[in-house]
Amino acid sequence: MLLRQFTRAPNNMNLIRRIATNAILKNQTVTTNIDYNQLVLVDVNDKNGYATVTLNRPPVNSFNLELMMALSRALDQVERNNSRGMILTSIIPNIFSTGFDIRELYQADERRLREFWSVLQDCWFKLYGSTYPTAASINGHNPAAGCFFALCCEYRAMVRNSKLGISGARLGISIPLPMIYTMRSVISTRQTELALTTGTLFTSDDALKVGLIDDIATDRSDAFAKCEAFLDRFKDIPPVSRGYTKRSVRQKDMEEIAANRQRDTDEFVRAVLNPEAQSSFAAFLGK
Ligand SMILES: CCCCC/C=C\C/C=C\C/C=C/C(=O)SCCNC(=O)CCNC(=O)[C@H](O)C(C)(C)COP(=O)(O)OP(=O)(O)OC[C@H]1O[C@@H](n2cnc3c(N)ncnc32)[C@H](O)[C@@H]1OP(=O)(O)O
């Protein structure tokens with residue numbers, strides 16, 4: 001079934017990307033012409049009830065507003081379907097995601113930037129606060145925002161020779177609260193502080209050592225199988241009480257972010273529009 005979904009990978013991706021890119025160049029919001037179902041694929045395995053949520057924005061799954069919105073909708077779908085568990089992964093062979101699409105940040109329109117961050121916060125609430133079991137099958141490099149979404153999950157398997165981490169510090173960027181809380185929920189406060197203030201990108205071995213990932217996989221299908229095996233651990237656990245306990249463990253972080261949404265958004269916008277950050281984006285894009 002999963003295979004079917006992969007072979008159904010969109011032929012109209014180029015068109016979607018062209019519409020999005022043209023509109024971004026013209027500084028317009030392009031949310032109406034996008035086929036969100038193609039940017040993030042949701043497939044449910046009838047046998048075990050697990051949903052696979054696959055990021056599908058070649059060439060590198062960088063997050064623009066449309067991909068973020070598609071992820072948000074996909075998470076709604078998983079919730080609505082009462083899935084027994086969810087595996088987050090990517091369609092690209094050696095890349096999970098390269099984080100935010102720098103074209104979304106360079107010379108950004110403030111209104112669109114605020115919407116972008118607001119949808120990211122929505123995704124965080126939906127994923128971090130989900131009651132169903134979650135796992136990330138990290139099939140390749142995963143710097144920055146993709147790492148953040150993987151850390152929202154309860155389990156991570158990553159293929160060898162990939163890198164993972166949040167490297168904002170290297171670009172002179174202070175890391176937003178949702179990212180700090182999420183990393184701190186996986187590794188110690190001490191290790192979170194070290195990782196984020198040094199902007200470390202961890203090799204798979206180092207990520208395993210520090211606890212950012214739970215297993216190293218030989219390839220993408222091994223990573224996926226390991227995620228399924230993790231979700232299987234909850235097969236005989238009553239889902240409602242399990243979900244309630246998970247929510248209780250994460251409740252305090254969620255309340256704090258909910259109380260500070262506006263401030264968090266203002267800080268993000270300030271960080272992105274900062275001239276130093278804009279110079280880094282320009283350099284990245286060869287402007
Ligand atoms: C940056 C701070 C934002 C400020 C926000 C404030 C607070 C938030 C703080 C932190 C949260 C997270 C922030 C982010 O997510 S920022 C994005 C950071 N990401 C990166 O720095 C990754 C950059 N990419 C890579 O290192 C490599 O692409 C890779 C992952 C190692 C893969 O290498 P590979 O050789 O396989 O591919 P290419 O590098 O050739 O890439 C192919 C193609 O894609 C373009 N591209 C890659 N990444 C991005 C991107 N993030 N945005 C836009 N475009 C991207 C790349 O330029 C190539 O394009 P080309 O036209 O040359 O084919």
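Atoms within a ligand are numbered from 1 in the order they appear, just like the ligands themselves. What you see below is based on every heavy atom in this structure, not just the backbone, and it leaves out hydrogens, waters and symmetry mates. Just so you know, residue 1 is the first one in the sequence shown, and it goes up from there.
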Under 4.0 Å from [atom], do we find at least one protein heavy atom?
| atom | result |
| --- | --- |
| atom 63 (O) of ligand 1 | no |
| atom 48 (N) of ligand 1 | yes |
| atom 17 (C) of ligand 1 | yes |
| atom 38 (P) of ligand 1 | no |
| atom 28 (O) of ligand 1 | yes |
| atom 25 (C) of ligand 1 | no |

[X] contact mode with ligand 1 (heavy-atom cut-off under 4.0 Å):
| X | value |
| --- | --- |
| F268 | side chain |
| K163 | neither |
| L285 | neither |
| P176 | side chain |

| request: Over 60° means perpendicular and under 30° means parallel, so classify the ring planes of Y155 and F230, tilted if in between. | output: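 Answer is parallel, since the angle falls under 30°.
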| task | Report the relative orientation of the aromatic rings in F100 and W117; use parallel for angles under 30°, tilted for 30 to 60°, perpendicular for over 60°. | result | perpendicular
Suppose I only count heavy atoms of [X] and a 4.0 Å limit; which atoms of ligand 1 are within that range?
| X | value |
| --- | --- |
| G99 | 15 (O) |
| L105 | 3 (C) |
| V272 | 4 (C), 5 (C) |

Judged by modelled atom types alone, do [X] and [Y] share a side-chain donor-acceptor pair under 3.5 Å?
| X | Y | result |
| --- | --- | --- |
| E276 | N274 | no |
| D122 | S72 | no |
| T131 | R247 | no |
| Y181 | E256 | yes |
| Q38 | N56 | no |

Please report which non-hydrogen protein atom sits nearest to [atom], along with the residue it belongs to and the distance in Å to one decimal place.
| atom | answer |
| --- | --- |
| atom 53 (C) of ligand 1 | D101 OD1, 3.3 Å |
| atom 10 (C) of ligand 1 | M179 SD, 3.9 Å |
| atom 2 (C) of ligand 1 | I173 CD1, 2.8 Å |
| atom 22 (C) of ligand 1 | T98 O, 3.6 Å |
| atom 32 (C) of ligand 1 | I95 CD1, 3.7 Å |
| atom 51 (N) of ligand 1 | F100 O, 2.8 Å |
| atom 14 (C) of ligand 1 | A144 CB, 3.3 Å |
| atom 42 (C) of ligand 1 | V60 CG1, 3.7 Å |

So is [X] touching ligand 1 or not, going by heavy atoms under 4.0 Å?
| X | result |
| --- | --- |
| F284 | yes |
| F281 | yes |
| A145 | yes |

I'd like to know if [X] pairs up with [Y] as an ion pair, taking the criterion as any Lys NZ or Arg NE/NH1/NH2 lying under 4.0 Å from an Asp or Glu carboxylate oxygen.
| X | Y | answer |
| --- | --- | --- |
| D205 | R160 | yes |
| E255 | R261 | no |
| R184 | E193 | no |
| E104 | R112 | yes |
| K226 | D222 | yes |

| Backbone or side chain, does any N or O of I102 fall under 3.5 Å from an N or O of ligand 1? | yes
| note | Only one of F116, Y106, F281 passes side-chain contact (heavy atoms from CB on, under 4.5 Å) with V272, and that residue is F281
| said: Applying the side-chain contact (heavy atoms from CB on, under 4.5 Å) criterion to L151, which one of V186, I187, L127 satisfies it? | reply: V186
| said: Taking the cut-offs as 6.0 angstrom to the six-membered ring centre and 45 degrees off its axis, would you call R250 and Y128 a cation-pi pair? | reply: yes
